[in-house]
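This report concerns only the one structure given below.
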Amino acid sequence: MTFININRKNVIMTLTLICMYFFIRLFPADQSLDPPYVNFTTNFTYPLDIDMVELVSDYRKGYINNADVINPFPYAFIKNPSHKCNLSEAEVKVQNKVFVLFLVKSAYENRRLRDAIRQTWGNERYLTHFNIKTVFTVGLPKAKSRFDLIKNESDRMKDIIQVDYIDTYFNNTLKMTAEINWAVKFCQNAKYVVLIDDDYFVSPESLVGLLEYSAEVRNTKRLYMGHKHSNSKPRREKESKWHVSYSEYPFDMYPDFINAGTIIMSMEFVIEAQIAMMYTKLFRLDDIYLAIVARKLRVSPLGTKRVFGTNVMPWDRFNFELLATAHHYKPADLQWLWRRRGRRTHRDMLPLSI
């Protein structure tokens, strides 16, 4: 019989190391010391903890509270197509307002996507019975040598807002804030404002039909609509692109929000949001930030099945006919889809359900 000489001290050390390994995996250092979750449903507050509806109402009456501003907008519009929403005599004969203002979030290097949009759904002359305006929003390139590319494009096309912050993914909240500020200052004659990413396809007839003929939409004065997410939880894993620390946001859930790829708003909501943002602490994720602002304004997001967060192609006939906007397209895709769908008629704008 063979006896194995087991060193008791080595066994204890091995078991201790194994326990420590699993403890670290289960309770990473950045989480084990965090405070417990705060229940969103019962305890949600967000700076400023103030009656935002009353503040906005007073502000619009001229009672401006500068002392409590915690999120000013200090950025300048380097390129500013401020003329964009000035209507010509011919446009006034169509409507005395801009029906839809598209504000397209774009990266400075995405020239081909911008050109594809200009040639397809962003073509302002496409719809003859509605005034549509399209503007692109970019920041500053990291490489100063690329600044002239945007300058030349802007000088030629006159449809680019350039704001003086570095163009990065997590500056999208600044980009959204810039768009809302620009709309209020330079295009307040728009009935609806659509914030949209530059890799989206739009069916103008479906979108206009939804806005003009859907009773539920028309009866919503403070419209905040799109692809709605409910009961979403913050990502706490540090390796996640959307990681949010407890110190940044301690609650166990986000408010219901509209996906930032397409946000459809009435000008009434845009005006109120622009004021409320000055008194609402900035948050890194743009769609969550706008949802927080909406909640403070007591505005509920309106979901629609016509805004897709995914790619929809013509062979999916039901959804392709249904869509107002859909996601994940390259420049060639946008142009091919536009040719494939063909020109629609006014009947394609008949009353639509959301």
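This chain uses plain numbering: 1 for the first residue, then up along the sequence. All values below come from the heavy atoms of this structure, side chains included, with hydrogens, waters and symmetry mates left out.
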Item checked: Worked check of side-chain hydrogen bond (donor to acceptor under 3.5 Å, both in side chains) between Asp199 and His327 -> CA-CA 6 Å; Asp199 58 349; His327 191 203; 3.0 Å; yes

| query | Is Asn71 reaching over with its side chain to a backbone N or O of Lys281, donor-acceptor style, under 3.5 angstrom? | reply | no

Between Lys133 and Glu91 (salt bridge meaning N to carboxylate O under 4.0 Å), is one present in this structure? yes

Residue set satisfying salt bridge (Lys or Arg N to Asp or Glu O under 4.0 Å) with Lys296, at least two apart, ordered chain then number -> none

Any side-chain to backbone donor/acceptor pair from Thr220 onto Glu216? Under 3.5 Å, distance only. yes

Margin query: Taking OH in Tyr169 as the centre, count heavy atoms belonging to other residues, nucleotides or ligands within less than 6.0 Å. Is the count above 12?
Written below: yes

Between the CE atom in Met176 and the CG atom in Asn171, the distance rounded to the nearest 0.5 Å is 12.0 Å

- Query: Hey, are the side chains of Leu103 and Ile196 touching, using non-hydrogen atoms and a 4.5 Å cut-off?
  - Reply: no

Between Arg340 and Pro314 the two heavy atoms that sit nearest each other are CG-CG, 3.7 Å

Applying salt bridge (Lys or Arg N to Asp or Glu O under 4.0 Å) to Asp115 and not counting sequence neighbours gives Arg111, Arg118

Given Phe102 and Trp121, is the side chain to side chain contact (heavy atoms under 4.5 Å, CB included) satisfied, shown in steps?
CA-CA 10 Å; Phe102 286 113; Trp121 60 262; 3.8 Å; yes

Residues passing the salt bridge (Lys or Arg N to Asp or Glu O under 4.0 Å) test with Lys84, sequence neighbours excluded, are Glu124

Practice prompt. Consider only side-chain heavy atoms of I, L, V, M, F, W and Y, link residues closer than 4.5 Å, and tell whether Leu101 and Ile264 are in one cluster.
Written response: no

Correct closest heavy-atom pair for Leu323 and Ala326 would be CD2-CB, 4.1 Å

Nearest heavy-atom approach of Val69 to Pro72 is CG1-N, 3.9 Å

- Do the rings of His229 and His227 sit parallel, tilted or perpendicular, given the 30° and 60° boundaries? perpendicular

- For the hydrophobic clusters of this structure (ILVMFWY residues joined by side-chain heavy atoms under 4.5 Å, transitively), does one cluster hold both Leu207 and Leu334? yes

Separation between CG (Leu195) and OG1 (Thr262), nearest 0.5 Å, reads 9.0 Å

Report yes or no: do Asn259 and Asp287 form a side-chain donor-acceptor pair below 3.5 Å? no

Can you confirm whether Thr325 sits close enough to Ser203 that some side-chain heavy atom of one is under 4.5 Å from a side-chain heavy atom of the other? no

Do the non-hydrogen side-chain atoms of Arg341 and Phe201 ever get within less than 4.5 Å of each other? yes

Sequence neighbours excluded, the answer for salt bridge (Lys or Arg N to Asp or Glu O under 4.0 Å) partners of Arg60 is Glu268, Glu272

So ring-ring contact (aromatic ring centres under 6.0 Å, His included) across residues 275-315, not counting sequence neighbours, yields Tyr249-Phe283

Result for salt bridge (charged side-chain N to carboxylate O under 4.0 Å, His left out) between Asp167 and one of Lys105, Lys175, Lys142 points to Lys175

Joint cluster assignment, Tyr46 & Leu290, ILVMFWY side-chain distance < 4.5 Å: yes

task = Would you indicate whether the side-chain heavy atoms of Asn80 and Phe186 approach each other to under 4.5 Å?
result = yes

Any side-chain donor near an acceptor of the partner, Asp316 and Asn319, under 3.5 Å: yes

Item checked: Under 3.5 Å donor-acceptor, Asn110 side chain and Leu113 backbone -> no

For Ile166, the other hydrophobic cluster members (4.5 Å side-chain criterion, sorted by chain and number) are Ile78, Leu140, Phe147

Notebook entry, point to check: So does Glu89 have more than 12 non-hydrogen atoms from other groups sitting under 6.0 Å from CD?
Noted result: no

Check: Asp286 main-chain N/O paired with Thr173 side-chain donor or acceptor under 3.5 Å: yes

Check: Taking Asn131 for the side chain and Lys97 for the main chain, is one N or O donor matched with an acceptor at less than 3.5 Å?
Finding: yes

**Request:** Determine, using ring centers only, whether Tyr126 and Trp338 are less than 6.0 Å apart.
**Result:** yes

*Give the C-alpha distance, both sets of side-chain angles, the deciding distance and a yes or no for side-chain hydrogen bond (donor to acceptor under 3.5 Å, both in side chains) between Asn152 and Asp155.*
CA-CA 5 Å; Asn152 295 338; Asp155 291 346; over 6 Å; no

inquiry  = Ring centres under 6.0 Å, that's the criterion: do Phe251 and Tyr37 meet it?
reply    = no

Side-chain heavy-atom pair Arg114, Glu153 within 4.5 angstrom cut-off: yes

**Prompt:** Hey, are the side chains of Asn189 and Leu87 touching, using non-hydrogen atoms and a 4.5 Å cut-off?
**Reply:** yes

Are the side chain of Asp333 and the backbone N or O of Lys330 linked by a donor-acceptor pair below 3.5 Å?
-> yes

Item to check | Side chain to side chain, Glu212 and Phe130, heavy atoms closer than 4.5 Å | outcome: yes

Smallest heavy-atom separation, Lys233 atom then Met253 atom, equals CG-CG, 4.2 Å

Scanning both residues in full, the closest heavy-atom pair of Thr120 with Gln335 reads CG2-CA, 4.0 Å

*asked:* Quick one, Asp252 with Val38, criterion side chain to side chain contact (heavy atoms under 4.5 Å, CB included). Give me CA distance, side-chain angles, the key distance, then yes/no.
replied: CA-CA 6 Å; Asp252 59 348; Val38 178; over 6 Å; no

Heavy atoms of Pro331 and Ala116 approach each other most closely as O-CB, 3.8 Å

- Any donor-acceptor N/O pair, Lys228 side chain to Met225 backbone, under 3.5 Å: no

Legend entry - Salt bridge flag under 4.0 Å for residues Arg295 and Asp256: no

| Once the angle between the rings of Phe73 and Phe77 is folded into 0 to 90°, is it parallel (under 30°), tilted (30 to 60°) or perpendicular (over 60°)? | tilted

Taking the six-membered ring of Phe170, is NZ or CZ of Arg284 closer than 6.0 Å to its centre and within 45° of its axis? yes

Legend entry - Close side-chain approach of Val135 to Val104, heavy-atom, < 4.5 Å: no

